[in-house]
There are 2 protein chains.
Amino acid sequence: MARSASAMRGQILESALRLFAVHGFRGTSLQDIASDAGCSKASLLYHFAGKEKLLTELLIPAQDALAALLDRVAELKGDRLVEETVVGYVDLTLRFRREIRLLFEDITEMSCHQDLNVMELADGLLDALAGRSQHPPARVAAWMVLGAVFITGATDDEVAPDEVLRAEMIRSALRTLDHTPS
Amino acid sequence: MARSASAMRGQILESALRLFAVHGFRGTSLQDIASDAGCSKASLLYHFAGKEKLLTELLIPAQDALAALLDRVAELKGDRLVEETVVGYVDLTLRFRREIRLLFEDITEMSCHQDLNVMELADGLLDALAGRSQHPPARVAAWMVLGAVFITGATDDEVAPDEVLRAEMIRSALRTLDHTPS
DNA sequence: ACCATAACTGTCCGATCGGTCAGTTCTGAC
DNA sequence: GTCAGAACTGACCGATCGGACAGTTATGGT
């Protein structure tokens, strides 16, 4: 058939993202993705140099968004820093739900992935959430928020409508950080 | 050599737990475990009926401990319920760190595992953390605590000594749940 | 109409995995 | 010492995986 290149690429990426999010990176074979996308495994490997490259391409948008957030809050301090970081982080997890689930499934794979520096960015996020503080209580609370938002965003339990979920996640996170609402 | 059965079994379980926690269930082969434990793959399969059974045996203690916790707080209400649940859950994650990491790595595997009912127990835990409330804000906050403690316990970053970590995890969790300290 | 090239595929390959099995080695009771 | 059975092993098997490659089909510019 030979459709336009970008169409098939997009279809493959979509299928890969969904399957990876459900069954994990290792739990999804190239054949699974190809079947779901409606092409042959060989065609998949024509568009993407390998399974790893496919994973990389899927995660880069989320990574860039996180990097942009960290860049945006880099010059803030105190209350503004924490508030902006929390809101930005929550929005990010809701926007990239499936990517988060994928990251969640194969966190160890990512740590030693050369093209992705998720761990580095996570450190920066942790730092901002702690308000640049090095005190153990603040660091622990920041870790808690990191995990809380991460998992709450990754879950697909319809615990609440997205708008309510977002608002409550932000409020809960700020409480965790002992941040009195302004 | 043919050492006593229990000794080799214990060695295999120990090796499996460590390797699973680091590389995940799928990321660890039976040969990896056997080499680490100092025996052959065939010997490993002599002691354990299969890879799944090995996983089950590793997670049962943690599962039982969680079930016991839920049983203990079943008759409590209000503040006592939430406090006991939080403290118990935090202690549990710190006691079973590696098991948590393992669970963390392969959460989807577990959901469809017949011998383990982790998801069912997680629901009970969520319910107790929410103080048996069905209101969305309380449910979201409970989800946040579930994830926060989960990840903070699973991480091996030495963010703080265990005693400080424990105390701060409990305090942070109670703040997340909007629980004014008694 | 023609053709260079992009898009695609069927088929094969080596590696790795979980698991089986017949056979060997060790141990403890007598 | 002997011997039954537990403990252990090397060799092998079928399945599955990621990937390579030669060959085929469709497309767009001329």
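Each chain gets a letter, A, B and so on, in the order its sequence line appears, and its residues count up from 1. As a basis for the values below, the full set of heavy atoms in this structure was taken, side chains included, without hydrogen atoms, waters or symmetry mates.
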Output the rounded distance in Å from [atom1] ([X]) to [atom2] ([N]).
X	N	atom1	atom2	answer
B:Leu19	C:dG18	CG	P	12 Å
B:Ile33	C:dC17	CD1	P	11 Å
A:Arg9	C:dA6	CZ	P	15 Å
A:Glu52	D:dG19	CD	C1'	13 Å
B:Met8	C:dC26	CE	P	16 Å

Using only atom types and a distance under 3.5 Å, with no angle test, would you say the side chain of A:Thr93 pairs donor to acceptor with the backbone of A:Val90?
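Yes, because the side chain of A:Thr93 sits within donor-acceptor range (under 3.5 Å) of the backbone of A:Val90.
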Presence of [X] side-chain N/O under 4.0 Å of [N] phosphate oxygens OP1/OP2:
X	N	result
A:Ser43	C:dT9	yes
B:Tyr46	D:dA7	yes
B:His47	D:dC8	yes
A:Ser40	C:dC8	no

Based on the rotation axes of five pairs at each end, what angle does the helix from C:dA1-D:dT30 to C:dC30-D:dG1 bend through, to 10°?
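Inter-axis angle at the ends, rounded: 10°.
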For B:Leu44 and A:Ala42, take the nucleotide of DNA chain D holding the closest heavy atom to each; which residue's nucleotide lies nearer the 5' end?
B:Leu44
How would nucleotides 13-18 of chain D be written as a contact map, 5' to 3', with B for base contact, S for sugar-phosphate-only contact and - for no contact, using protein heavy atoms under 4.0 Å?
----SB
Using a strict threshold of under 4.0 Å (side-chain N to carboxylate O), is an ion pair present between A:Asp32 and A:Lys41?
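The answer is no: the pair does not qualify as a salt bridge.
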For B:Arg171, is there an ion pair with B:Glu168 - N to carboxylate O distance below 4.0 angstrom?
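Salt bridge flag = yes for B:Arg171 with B:Glu168.
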N/O donor to acceptor pairs below 3.5 angstrom from side-chain atoms of residues 18-25 of chain A, sequence neighbours left out:
residue, atom, partner, partner atom, Å
A:Arg18, NH2, A:Asp36, OD1, 2.7
A:Arg18, NH2, A:Asp36, OD2, 3.0

Would you tabulate the side-chain donor-acceptor contacts of residues 54-71 of chain A under 3.5 Å, counting partners in other chains and residues two or more places apart, or write 'none'?
residue, atom, partner, partner atom, Å
A:Thr56, OG1, A:Glu52, O, 3.0
A:Thr56, OG1, A:His113, NE2, 3.4
A:Glu57, OE1, A:Arg9, NH2, 3.2
A:Glu57, OE2, A:Arg9, NH2, 2.2
A:Gln63, OE1, A:Asn117, N, 3.1

Contacts of B:Tyr89 meeting ring pair (Phe, Tyr, Trp, His ring centres under 6.0 Å) (sequence neighbours excluded), chain-then-number -> none
Residues two or more places apart in sequence or in another chain: which of them pass ring pair (Phe, Tyr, Trp, His ring centres under 6.0 Å) with B:Phe150?
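Residues passing ring pair (Phe, Tyr, Trp, His ring centres under 6.0 Å) with B:Phe150: B:Phe104.
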Are A:Leu44 and A:Tyr46 connected, step by step, through hydrophobic side chains (Ile, Leu, Val, Met, Phe, Trp, Tyr) whose heavy atoms are closer than 4.5 Å?
no
side-chain contact (heavy atoms from CB on, under 4.5 Å) partner of B:Val73, the single match among B:Val86, B:Leu81, B:Leu129
B:Leu81
